[in-house]
Amino acid sequence: MKLRTMNRHMREGFKNIFRNGWMTVASIGAVTTTLILVAAFLALVLNLNQIAVNVEEDVQISTLIDATLGEEEITALGEEIEQLGGVESVVFSSRDEQLNQLVQSMGEEGQAWQLFEQDNPLTHAYIVTAAEPDQTAGLASQIAELQGVQQVNYGQQVVEQLFQFNQYARIIGLALIIGLVFTAIFLISNTIKITIMARSREIGIMKLVGATNGFIRWPFFVEGLLLGVLGSIIPIAALLTGYYYLDTAVSEQISYTFIELLPFSPFAWLLSLLILAIGAFIGVWGSVMSVRKFLKV
Amino acid sequence: MIFMKDIYKTYANGVTALNGIDADIKQGEFVYIVGPSGAGKSTFIKLIYREVKPTKGTIVINDMNLEKLKERNIPMLRRNIGVVYQDFKLLPKLSVYENIAFALEVIEESPKNIRKRVMEVLDLVGLKNKARFIPDELSGGEQQRVSIARAIVNHPKIVIADEPTGNLDPDTSWEIMKTFEEVNASGTTIIMATHSKEIVNTIKKRVIAIEGGLIIRDEHRGDYGYEA
Ligand SMILES: Nc1ncnc2c1ncn2[C@@H]1O[C@H](COP(=O)(O)OP(=O)(O)O)[C@@H](O)[C@H]1O
Ligand SMILES: [Mg+2]
């Protein structure tokens, strides 16, 4: 195809956007709605996935020590833990340090906890680090059996349920995304089809004048691409602002080290690109599908 | 050149429109196709640019054997044949200029040549001052002249017309015929189905009469032969 013919197809595609008025608005609306949902799902699923990965690599076990234990017994417990297999390090953390961390991690709400400074309800703890991530759970249960251990907390346990949820979220999210994309393609190809019904006579005339199928199809390709790109503007804007605020809000509250959103840059940018690509795909496919039937003249 | 041998056409609904047609039309000829309604005139004409495919028989157009013509090469055939319809078949949203230019855009002609050539044919059909109008803003005769301009703009060897004056008043019809004669004078083959006794009997050309799907008469400088 010659460059000037490509230019002509571009021009025609652009013109069709305006010629079709409300149908264009309807098609863009279909893409926009779909992409907002797709963006939200992708952001959620990918982040849950990331959290799951973080948790799987989390090796810290916080071992709360029975408040009745004396100083010597605490030291003995620490030595006992060190004797266990697969321990990388054991660090003592006093109840005051614990409270301090808690207050800091809670941000503004943490102010309330400062009231406890006189009467700290927390206990001393050992922060145990496992040598290998997959040993964390086993090591934790061994520690829990030791005399003088009140409780053990570790990431995998805390988010086990979250992780379970994540498995389902991944499958459901994916199914929903695929469903949404096809619904949008269907909607677009239908809205375009309505405009084409009126244009089927024109397509017939074009063929009688000697236009090839490709020649007729190209402007529709361009039109679909434009619909897709225009339809992804609002979703991308919503994604970028929404994710920016979410990211800022979450990073101010570091309750657990492993709950960390994927960083705004590059994640939000890459996701925006993906949304743009999905939008273009939906638009082009919907448009080209709808013209297919009328080319068999 | 148009050559047909033993052509039969039965439509999907079982109607047989052509029942064994032989025809041989040389380059530069002007041929009227006459006959009563439903005789098969339009079917005969549609065979030439492959809007209709024969059930049986051989057609050769400009050395192209249509039996062997592949689907994707149909546009190539149509680019060498200008077609004029009774209902004009203009693209309603495009201007007169754009309608004519479209036939050149599909063959990827350069914008410069398109401009030059479109203005030439607009001049020929006397519509230079209406280039920016859309079809709805023109009279029937003017619309038909636009469709003739579109049919001839890429110098086709053959122009075929199916009752081109069928929707026009007599005065306008004569103007349209003058345009066809001019096109024919430049060496283009013209095949025209018509119901107009006056035209056929006044502008004398070869006449092929079809009845019941058969050619019943084929005369040079013939008469219409029916009481209109
Ligand atoms: N697309 C079609 N499908 C079925 N029958 C058709 C079709 N086109 C024409 N016919 C039939 O074929 C016969 C010849 O039609 P046509 O070639 O249009 O005749 P004419 O142009 O001489 O009036 C008629 O009986 C008509 O009803
Ligand atoms: Mg007819």
Side-chain angles (χ1 to χ4, degrees), chain A residues 1-25 27 191-223 226 287-288 290-297, chain B residues 45-46 48-53 70-85 87-95 98-115 134-135 143 146-156 158-162:
Chain A
M1 190 180 358
K2 291 184 179 164
L3 188 65
R4 59 167 168 263
T5 307
M6 198 63 238
N7 278 337
R8 180 224 169 248
H9 294 324
M10 301 279 248
R11 228 173 27 242
E12 283 300 308
F14 269 95
K15 275 193 207 161
N16 286 345
I17 290 275
F18 294 102
R19 282 183 191 141
N20 295 331
W22 285 107
M23 283 304 166
T24 297
V25 176
S27 300
T191 35
I192 293 183
K193 210 177 260 168
I194 295 168
T195 67
I196 291 191
M197 296 290 202
R199 278 145 93 177
S200 70
R201 206 181 108 84
E202 293 174 51
I203 292 175
I205 295 172
M206 292 176 184
K207 294 206 72 173
L208 290 176
V209 180
T212 57
N213 287 348
F215 192 90
I216 294 168
R217 204 184 290 120
W218 267 105
F220 285 96
F221 180 93
V222 173
E223 184 180 343
L226 281 171
S287 180
V288 171
S290 63
V291 77
R292 228 175 48 156
K293 171 174 150 215
F294 296 100
L295 288 176
K296 293 175 191 148
V297 179
Chain B
I45 275 186
K46 286 174 181 168
I48 299 172
Y49 61 96
R50 180 55 93 73
E51 188 172 341
V52 160
K53 206 177 171 180
K70 294 205 179 69
E71 189 81 25
R72 63 162 194 279
N73 289 327
I74 292 176
M76 306 307 140
L77 169 74
R78 291 180 179 165
R79 288 170 192 181
N80 285 308
I81 302 173
V83 187
V84 177
Y85 305 86
D87 62 353
F88 322 133
K89 291 204 196 300
L90 297 174
L91 295 164
K93 288 182 203 139
L94 302 189
S95 70
E98 290 167 332
N99 260 285
I100 301 169
F102 187 81
L104 293 175
E105 284 172 359
V106 302
I107 56 172
E108 306 198 43
E109 192 54 81
S110 76
K112 193 167 142 254
N113 286 346
I114 291 179
R115 240 186 329 274
I134 61 161
Q143 291 190 47
V146 175
S147 88
I148 293 173
R150 178 183 62 188
I152 61 174
V153 72
N154 58 353
H155 300 289
I158 304 168
V159 168
I160 54 189
D162 196 350

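A, B, ... follow the sequence lines: proteins, then strands. Residue 1 opens every chain.
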* To do: Verify the neighbour count for atom NZ of A:K15: are there more than 12 heavy atoms of other residues, nucleotides or ligands below 6.0 Å?
  => yes
* Heavy-atom side-chain proximity of B:S110 to A:R4 below 4.5 angstrom -> yes
* Provide the closest heavy-atom pair for B:P75 versus A:G210 in the form atom of the first, atom of the second, distance. => CB-O, 3.4 Å
* For B:K46, check salt bridge (charged side-chain N to carboxylate O under 4.0 Å, His left out) against everything at least two apart and list the hits. => none
* Which one of A:N213, A:I216, A:T5, A:L208 has the most heavy-atom pairs closer than 4.5 Å to chain B? -> A:L208
* **Interface moiety of B:E108 toward chain A, non-hydrogen atoms closer than 4.5 Å** => both
* Asked: Under a 4.5 Å heavy-atom cut-off, does chain B meet the side chain of A:I205, its backbone, both or neither?
  -> side chain
Can you give each donor-acceptor pair under 3.5 Å made by side-chain atoms of residues 98-105 of chain B, sequence neighbours left out, with the distance rounded to 0.1 Å?
residue : atom : partner : partner atom : Å
B:E98   : OE1  : B:S95   : N            : 2.9
B:E98   : OE1  : B:S95   : OG           : 3.4
B:N99   : OD1  : B:L91   : N            : 2.7
B:N99   : ND2  : B:L91   : O            : 3.0
B:N99   : ND2  : B:L94   : O            : 3.1
B:N99   : ND2  : B:S95   : O            : 3.3
B:E105  : OE1  : A:R8    : NE           : 2.8

* Using non-hydrogen atoms only, which part of B:R150 is less than 4.5 Å away from chain A: side chain, backbone, both, or neither? -> side chain
* Asked: Do B:R79 and A:T212 come close enough that some side-chain heavy atom pair is under 4.5 Å?
  -> yes
